[in-house]
Amino acid sequence: MAIGWYPGHMAKALRELETVMRKTDVVIEVVDARLPVSSANPVLTELRGPRPRVVLMNKSDLADGAVTRQWVRYLERVAGVSALPVDARESQLARKLVKLCRALNPHEDRVCRALIVGIPNVGKSTLINTLAGRSVAAVSNKPAVTRETQYVDLKNGVHVWDSPGMLWPNLKDQQGAHRLAATGAVGEKAFDVTEIALFIVEYMVVAYPKLLMARYKLASCEGSSLSLLEAIGRHRACFSRKGVVDLERTAHLVTQDLRTGKLGHVSLEAPPETELSADAPPVEAVDELSPGPSEPEAG
Ligand code: G4P
């Protein structure tokens with residue numbers, strides 16, 4: 001991984017988060033719209049305690065819109081939490097978010113202090129910069145409170161911390177870890193890129209076969225993931241020597257295509273028991289986004 005999330009790093013991030021959380025009224029949890037469960041970390045539920053939260057499903061420009069809509073309905077209905085699909089680079093989002101934070105602020109008589117929190121690479125710094133209308137947070141993987149943090153006044157009664165709260169990715173579930181690696185949320189060094197590309201191909205065959213065939217001009221999705229990856233390599237002329245497909249180079253190409261949206265709008269997780277546009281397999285665990293102590297039970 002680019003960042004080594006060893007127990008020491010986690011403990012440090014936890015301490016920093018606990019410190020800023022004490023001064024926070026509303027928690028803005030940023031998840032990746034393509035994998036809202038795997039890109040969340042259940043430790044946040046405990047950390048935020050009774051504070052209200054909003055879930056921002058970021059990078060929704062890369063996700064399958066139909067699946068994202070299912071997630072919003074699911075989160076609002078089952079988890080009882082406000083969820084907004086967003087593109088953190090879009091300036092119009094500030095007004096909506098300010099309105100939502102103000103509505104959730106438990107202290108009507110004072111400014112709402114909001115903390116943006118999420119795993120690395122999910123778009124927290126981009127969001128802060130968009131909200132501030134200028135560059136205040138470095139778009140990189142720096143844990144919170146590495147320097148003196150201050151609030152950025154968003155006007156209209158909302159302040160956000162100028163450094164985001166960093167959570168570590170939850171890698172305990174292997175499927176989730178593969179999804180995180182596929183989107184680039186965990187560094188290349190933590191995974192074998194060929195294994196991740198095979199995972200992507202296997203998933204695409206089930207959930208989005210037409211997108212896969214269209215991108216790489218495949219006649220069908222039949223055969224093993226390995227044979228499909230080789231076919232992709234041949235199509236894109238990724239050869240190590242004459243006639244031999246360079247699997248690693250092909251794997252980089254496939255993962256890049258997924259990450260940049262060249263494979264199309266792809267969601268890697270769908271809410272349980274929902275009718276999906278593209279028979280995407282549902283996720284098994286949704287505990288990470290389950291209702292917190294302050295939120296209503298499913299209605
Ligand atoms: P972080 O603070 O949570 O670690 O994430 P950060 O804002 O640094 O964003 C990580 C990468 O995700 C950046 O790309 C950023 O531009 C991109 N990004 C953030 N929000 C969105 C979004 O809504 N949609 C899309 N498509 N991309 C988003 P990068 O390539 O690492 O940096 P850059 O070259 O774009 O600056």
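In listed order, ligands and their atoms are each counted from 1. Numbers here simply count residues along the sequence, with the first being 1.
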- Message: Looking at D246 and R241, is any side-chain nitrogen of the basic one under 4.0 Å from a carboxylate oxygen of the acidic one?
- Response: no
- When you look for heavy atoms under 4.0 Å from ligand 1, do you find them on the side chain of N121, its backbone, both, or neither?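 Within the 4.0 Å criterion, N121 contacts ligand 1 through backbone and side-chain atoms alike.
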- Query: Applying a 4.0 Å heavy-atom criterion (strictly less than), which segment of L127 is in contact with ligand 1: side chain, backbone, both, or neither?
  - Reply: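 No part of L127 comes within reach of ligand 1.
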- Query: Based purely on interatomic distance, does V122 place a nitrogen or oxygen under 3.5 Å from a nitrogen or oxygen of ligand 1?
  - Reply: yes
- Message: When you compare ligand 1 with V86, is there at least one nitrogen or oxygen pair between them that comes in under 3.5 angstrom?
- Response: no
- Query: If you measure from CG on L97 to CG on L56, what distance do you get to the nearest 0.5 Å?
  - Reply: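 One finds 5.5 Å between CG of L97 and CG of L56.
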- Message: Going by the rule side-chain contact (heavy atoms from CB on, under 4.5 Å), which residues pair with A103 if we only count those two or more places apart in sequence or in a different chain?
- Response: none
- Applying side-chain contact (heavy atoms from CB on, under 4.5 Å) to A63 and not counting sequence neighbours gives A33, R34, T68, S267
- Message: How about NE2 on H178, more than 12 heavy atoms from neighbouring residues, nucleotides or ligands closer than 6.0 Å, or not?
- Response: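 Yes, the 6.0 Å shell around NE2 holds more than 12 heavy atoms from other groups.
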- Task: Mark yes when over 12 heavy atoms from residues, nucleotides or ligands other than E248 sit less than 6.0 Å from its CD; otherwise mark no.
- Result: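 Atom CD in E248 is not crowded, with 12 or fewer foreign heavy atoms closer than 6.0 Å.
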- Message: Between T24 and V26 (side chain of the first, backbone of the second, donor and acceptor by atom type, cut-off under 3.5 Å), is there such a pair?
- Response: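 Answer holds: no.
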List every atom of ligand 1 that sits less than 4.0 Å from any heavy atom of [X], numbering the atoms from 1 in the order shown and giving each element.
X: D87; result: 22 (C), 23 (O), 24 (N)
X: D61; result: 22 (C), 23 (O), 24 (N), 25 (C), 26 (N)
X: T126; result: 6 (P), 7 (O), 9 (O), 15 (C), 19 (C)
X: L62; result: 26 (N)

- Message: In this structure, does ligand 1 have an atom that sits under 4.0 Å from one of the heavy atoms of P120?
- Response: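 P120: in contact with ligand 1 (<4.0 Å).
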